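Within every chain, numbering begins at 1; the chains are lettered A, B, ... in the order of the sequence lines, protein sequences first and strands thereafter. All values reported here derive from a predicted model rather than from experimental measurement.
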Protein chains: 2
Amino acid sequence: MAGRADVARLAGVSPAVVSYVTNGSHAVGAETRARVLAAIAELGYRPNALARSLATSRSHTLGLLLPDSSNPYFAELSSAIEDAAFAAGFTVLLGNGDDVVEREMTYVRTFLDRQVDGVIVCPSNDFSHGFDELVAAAVPVVSTDRVSRESALPAVVVDNEVGARTATEHLIGHGRTTFACISGHGDMSPAQARAAGWEQALRDADIDVDRDLLAFVDFSAEGGWEATRELLRREPRIDALFVGSDLQAVGALRAIADSGRTAGKDVSVVGFDGIRLGEYISPRLTTVAQPFRDLSKTVVELMVELIDNPDQVDTEPRILPTRLEIRESCGCLPLAAT
Amino acid sequence: MAGRADVARLAGVSPAVVSYVTNGSHAVGAETRARVLAAIAELGYRPNALARSLATSRSHTLGLLLPDSSNPYFAELSSAIEDAAFAAGFTVLLGNGDDVVEREMTYVRTFLDRQVDGVIVCPSNDFSHGFDELVAAAVPVVSTDRVSRESALPAVVVDNEVGARTATEHLIGHGRTTFACISGHGDMSPAQARAAGWEQALRDADIDVDRDLLAFVDFSAEGGWEATRELLRREPRIDALFVGSDLQAVGALRAIADSGRTAGKDVSVVGFDGIRLGEYISPRLTTVAQPFRDLSKTVVELMVELIDNPDQVDTEPRILPTRLEIRESCGCLPLAAT
DNA sequence: TTGAAAGCGCTAACAT
DNA sequence: ATGTTAGCGCTTTCAA
């Protein structure tokens with residue numbers, strides 16, 4: 001691989017001049033510049049990003065710490081973040097923490113060791129130590145999806161409570177009478193906020209909240225499936241179900257079908273997230289859609305600001321609105337024959 | 001941030017000795033070693049991975065170039081690869097090429113600039129130039145899912161043709177009479193092999209292959225949906241459908257439902273990939289499951305071999321078996337009431 | 001067993 | 001406008 005010195009030799013200039021043209025920092029004579037460019041092209045020279053980073057202490061790399069990028073929600077989020085980062089000139093170092101602190105910490109350290117310019121994180125409940133280490137290392141952090149309550153750090157999230165309330169109001173509008181809710185567990189996660197939104201909507205409509213019909217379970221299809229089965233066993237009259245994530249909602253739909261009921265008819269279901277597949281499954285999933293694009297763009301913008309201006313941290317979370325995507329599972333659209 | 005020099009000073013040794021203990025390369029006196037370790041702990045010192053990489057020309061970083069990690073198949077694949085890489089001591093730099101060569105190339109260069117130790121790639125059809133650049137840079141490449149036919153390069157794939165044949169045989173076993181197939185387009189992709197497997201199974205069973213009922217479309221739910229609609233319009237008697245990917249299969253199920261038919265009863269459907277959600281949707285998707293774990297482990301193992309032994313490239317592709325996962329959409333299991 | 005010194009490939013003053 | 005030089009933080013040969 002040709003190095004800068006080779007280019008310099010070929011162009012008959014000093015190595016510094018080569019840097020000047022690759023960086024566009026210094027002014028360089030037009031003719032010299034042309035010669036250097038020619039040499040670069042001829043040798044197929046590319047600056048070693050590592051060496052450059054070492055010298056500039058800027059890696060143009062972002063660490064992205066997720067619980068699990070195989071989860072459709074995080075898959076779509078990470079893809080959108082990757083895209084926004086790419087557009088902003090950053091490459092993403094990906095880490096799945098699997099919601100185990102030990103592993104999350106390992107990734108944080110790996111990121112830090114590699115001198116990332118910042119780290120974007122969807123922290124597990126017990127990640128606080130991770131934040132400490134991050135701020136101690138003085139590297140910008142922005143959290144998304146889930147927000148730390150203990151450490152006040154920049155965050156970009158969606159208005160979970162309002163989204164959940166809107167969804168629940170929609171359910172109420174369907175004239176339903178027995179309301180259940182499934183959400184994820186965890187303090188820091190949006191699960192609480194979504195459950196709270198559900199409760200609030202019921203209260204606002206003077207509907208009794210039966211907390212036995214509120215389940216906090218694993219953030220997975222299986223979690224949703226099992227919870228729904230149990231809920232339905234406990235209270236067979238449930239005819240409205242708000243689920244705090246689409247992944248769980250898919251499991252819920254499965255359980256509803258298994259129980260011999262028809263989602264959208266016997267029980268109205270609304271999910272949360274707006275994963276792409278929700279549009280295609282049967283019944284089509286009514287859901288509170290998150291603006292993945294905007295979310296990611298905002299996260300990266302915020303990150304770039306923090307990188308350029310490390311001291312001026314605005315810990316006020318950016319809150320983006322959700323949009324209720326009305327489809328079949330709530331009972332609105334005519335169900336396709338199945 | 002404390003540097004190596006600080007540790008050296010605190011421990012009263014030369015910087016080199018600090019390196020000796022962090023790398024465990026040189027022998028170091030027990031007592032000295034203890035002092036250094038203590039200093040490291042006290043200062044919270046961590047070696048700068050960039051500097052280390054620059055000196056050793058080993059970054060312990062792998063580039064992962066995918067078409068689109070928000071696609072459930074690639075999401076699960078990438079997550080499994082990330083996990084295998086993590087276990088092997090590598091961190092993953094993620095890039096979504098979006099199947100556009102320009103963008104793929106940008107990522108290849110970005111990876112190369114960052115001195116990745118190797119790149120794992122699911123190349124688009126026109127990625128050959130990317131391979132050239134990679135081999136020119138003498139960095140190990142292993143491709144997975146899709147395999148280049150032009151450049152003979154290490155690859156880890158699944159036995160697509162056999163998987164598809166097995167699936168189709170299963171469909172035939174259901175006593176179906178009118179067979180359709182949807183697959184992805186593209187030379188390099190496994191789409192061709194899966195379609196070929198479908199055809200082969202029909203031939204082997206002396207069933208006429210109606211190539212009008214074979215559609216190559218976009219690798220997406222929408223692609224599957226639209227193709228199925230069109231196929232059903234063209235030949236309403238279709239009662240068996242093999243789909244070359246689960247994502248497309250989800251779209252196909254949607255179209256079947258929309259047409260007033262019942263998948264699993266009126267038309268038997270088998271997908272390919274084995275994405276997790278297939279287990280939960282209605283009807284539960286019968287599919288040819290890929291061994292994500294094994295695939296990823298093999299990819300990373302192969303990569304590690306290549307890194308340790310760059311000249312000894314074994315271009316013979318590793319071919320892993322699939323497993324037919326029988327559920328509802330083919331008509332085997334009793335359909336849950338919907 | 002420990003230390004000195006020359007890189008790794010680049011940036012960024014500073015000097016010319 | 002161009003070249004010189006001293007790092008960036010680490011590894012590694014070589015000598016002590």
From CZ of R33(B) across to C1' of dG3(C) the rounded distance in Å is 18 Å
Please list, one pair per line, the donor and acceptor atoms closer than 3.5 Å that link side chains of residues 292-308 of chain B to other protein atoms, with sequence neighbours excluded.
from    : atom 1 : to      : atom 2 : distance (Å)
R293(B) : NH2    : D83(B)  : OD2    : 3.4
S296(B) : OG     : F292(B) : O      : 2.7
T298(B) : OG1    : D294(B) : O      : 2.6

Name every residue in residues 7-17 of chain A that has at least one heavy atom under 4.0 Å from any atom of DNA chain D, in order of residue number, or write none if there are no such residues. V13(A), S14(A), A16(A), V17(A)
For the pair made of CZ in R52(A) and P in dG9(D), what is the distance, rounded to whole Å? 18 Å
Run the salt bridge (Lys or Arg N to Asp or Glu O under 4.0 Å) test against E104(A) and tell me which residues pass, sequence neighbours left out. none
Just call it for T32(A): base, sugar-phosphate, or nothing, with non-hydrogen atoms closer than 4.0 Å on any strand. sugar-phosphate
From OH of Y20(A) over to C1' of dC14(C), roughly how many Å is that when rounded to an integer? 9 Å
Under 6.0 Å from the ring centre and within 45 degrees of the ring axis: does the NZ or CZ of R146(B) meet both conditions for the six-membered ring of F127(B)? no
Heavy atom of residues 53-60 of chain A under 4.0 Å from DNA chain C: which residues? A55(A), T56(A)
Could you give the CG-to-C1' distance, from L50(B) to dG9(C), as a whole number of Å? 12 Å
For H26(B) and Y45(B), take the nucleotide of DNA chain D holding the closest heavy atom to each; which residue's nucleotide lies nearer the 5' end? Y45(B)
List in chain and number order the residues that pass side-chain hydrogen bond (donor to acceptor under 3.5 Å, both in side chains) with S59(B), two or more places apart in sequence or in another chain; answer none if no residue qualifies. D117(B)
Rounded to whole Å, please give me the gap between CD1 in I40(B) and C1' in dC10(D). 13 Å
To the nearest 0.5 Å, what is the distance between CD1 (I40(A)) and CZ (R33(A))? 9.0 Å
For Q115(A) and dC10(D), what is the distance between atoms CD and C1' respectively, to the nearest whole Å? 11 Å
salt_bridge(R46(B), D113(A)) N-O dist < 4.0 Å: yes
Nearest-Å distance for atom pair CG/P, residues N48(B) and dC8(D): 12 Å
Restricting to ring-ring contact (aromatic ring centres under 6.0 Å, His included), what partner residues turn up for Y20(B), sequence neighbours left out? H26(B)
Indicate the ring-plane relationship of Y107(B) and F111(B), choosing parallel, tilted or perpendicular according to the 30° and 60° boundaries. tilted
